Amino acid sequence: MVAGGELLRIWEQFLPSEMTYRSAMAAHWKNVLVMVLACQGLLMTSTYNEEEDVPEEWLLLHVVQGQIGAGNYSYLRLNHEGKIVLQMHSLKGDADLYVSDKTLHPSFDDYELQSVTCGQDVVHVPEHFHRPVGIGIYGHPYHLESEFEMKVYYDQTAVKYPLDAGSYNPEDMEINLKQFHSTEDESQDEESVFWTILIAVLKIIAEILFWLYD
């Protein structure tokens, strides 16, 4: 049987070590959280820099900016012939890109080409696609609102005699932007793997920090 004084000494020895352990764990998970956020910032910076680095053979035709609500679509219609490059950057949230020559309203379950990254999305529209080409921009449901900027390029390497940039009038290319809001009634079939993992990690870290400071 342990005396009262001895039990008190055991408790006093245990308490500081337990508090030290929990403090160390809190500091550790804080560092992990900082590293995750830093990596996210580096990824966005790298993506932005890559967007500006385009081949000389790409002729900029048009720049489109817009906003999309969670689970909604914005649609573009591309009439210009030739090989076209669509380069989209999410300025806020996460916008995904779907392209089709079979429908003017492509979506995540009806498309020919897609790009669903967390940063820069790029789709190469081939010459043989029938015009007009439908372009669907989807606002990821993880974000209440997403903002995007899309640059449309003509790939001059796709033809034997490159298009003379000085003789081209960008207004000849018809891109009609319209907003079409459709509420998502079923779960999204394709999700961004990066954001899914990141959100799960952040939730775990938050729960651990809450437990350590409770």
Side-chain angles (χ1 to χ4, degrees), residues 40 43-55 58-155 158 170 173-184 186-199:
Q40 180 183 353
L43 176 63
M44 292 182 176
T45 302
S46 175
T47 299
Y48 178 78
N49 291 335
E50 289 176 1
E51 180 186 20
E52 301 302 322
D53 184 18
V54 299
W58 291 8
L59 175 64
L60 181 62
L61 303 178
H62 203 79
V63 178
V64 179
Q65 291 184 336
Q67 298 177 340
I68 327 166
N72 295 330
Y73 288 91
S74 288
Y75 288 112
L76 306 175
R77 181 178 299 184
L78 174 65
N79 290 331
H80 193 274
E81 299 292 338
K83 185 176 181 181
I84 302 298
V85 181
L86 306 175
Q87 188 180 72
M88 185 178 71
H89 178 64
S90 295
L91 304 176
K92 174 184 176 183
D94 183 20
D96 296 330
L97 186 58
Y98 299 94
V99 177
S100 176
D101 65 343
K102 303 290 192 301
T103 174
L104 293 178
H105 299 138
S107 62
F108 60 76
D109 56 0
D110 185 13
Y111 64 90
E112 303 299 319
L113 302 170
Q114 67 161 343
S115 180
V116 292
T117 68
C118 298
Q120 178 178 272
D121 292 293
V122 179
V123 168
H124 296 263
V125 181
E127 290 184 83
H128 67 266
F129 263 36
H130 299 291
R131 269 52 175 182
V133 174
I135 303 171
I137 303 170
Y138 178 69
H140 202 285
Y142 283 158
H143 305 275
L144 292 178
E145 184 179 72
S146 296
E147 297 180 5
F148 68 89
E149 179 182 82
M150 177 185 293
K151 293 183 179 180
V152 183
Y153 295 92
Y154 176 78
D155 187 354
M173 175 186 152
E174 299 178 8
I175 299 183
N176 302 316
L177 177 64
K178 68 175 182 178
Q179 299 290 334
F180 176 78
H181 300 288
S182 60
T183 304
E184 187 182 36
E186 56 187 41
S187 61
Q188 183 184 13
D189 293 336
E190 299 179 14
E191 295 185 346
S192 171
V193 177
F194 176 83
W195 283 109
T196 301
I197 296 175
L198 178 61
I199 290 175

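Note that the structure is a prediction, hence the values are computed from the model and not measured. All values below come from the heavy atoms of this structure, side chains included, with hydrogens, waters and symmetry mates left out.
Taking the six-membered ring for Trp and thresholds of 30 and 60 degrees, His80 and Tyr154 have ring planes more than 60 degrees apart, a perpendicular arrangement. Aromatic ring orientation, His140 versus His143: perpendicular (interplanar angle above 60°, classes split at 30° and 60°). Note on ring orientation: taking the six-membered ring where Trp is involved, the planes of Trp58 and Tyr153 are tilted (angle from 30° to 60°).
Distance NE2/His128 to CD/Glu81: 12.5 Å, rounded to 0.5 Å. Here Ser115 contributes atom OG and Gln87 contributes atom CD; the two are 10.5 Å apart, rounded to the nearest 0.5 Å. A distance of 10.5 Å separates CD of Gln65 from NE2 of His89, quoted to the nearest 0.5 Å. To the nearest 0.5 angstrom, Asp121 atom CG is 9.5 Å from Gln114 atom CD. How far CD of Gln120 is from CE of Met88: 10.0 Å, rounded to the nearest 0.5 Å.
By the 4.5 Å heavy-atom criterion applied to side chains, Phe108 and Asp96 are not counted as neighbours. For the pair Phe148 and Ile137, the minimum side-chain heavy-atom distance is below 4.5 Å. At least one side-chain heavy atom of Leu113 sits less than 4.5 Å from a side-chain heavy atom of Phe129. With a 4.5 Å cut-off on side-chain heavy atoms, Val116 and Tyr98 count as touching. Put simply, the side chain of Ile84 reaches to within 4.5 Å of the side chain of Leu61, judged on heavy atoms.
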Between Leu78 and His62, does a side-chain contact (heavy atoms from CB on, under 4.5 Å) hold up when you go through it step by step?
CA-CA 11 Å; Leu78 174 65; His62 203 79; over 6 Å; no
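For the residue pair Gly82 and Glu127, the shortest heavy atom distance occurs at C-CG, 3.6 Å. Taking every heavy atom of both residues into account, Ile68 and Gly139 meet most closely at CG2-N, 3.8 Å. Shown here for Thr117 and Asp94, the closest heavy-atom pair between the two residues is O-OD1, 3.2 Å. The two atoms that bring Tyr75 and Gly136 nearest to each other are CD2-CA, 3.6 Å, heavy atoms only. Taking each heavy atom of Gly134 and Pro106 in turn, the nearest pair found is O-CG, 3.5 Å.
Among the candidates His124, Lys151, Met150, the single residue satisfying the side-chain contact (heavy atoms from CB on, under 4.5 Å) test with Leu86 is Met150.
Listed by chain and number, the residues in a side chain to side chain donor-acceptor pair (under 3.5 Å) with Ser100 amount to none (sequence neighbours excluded).
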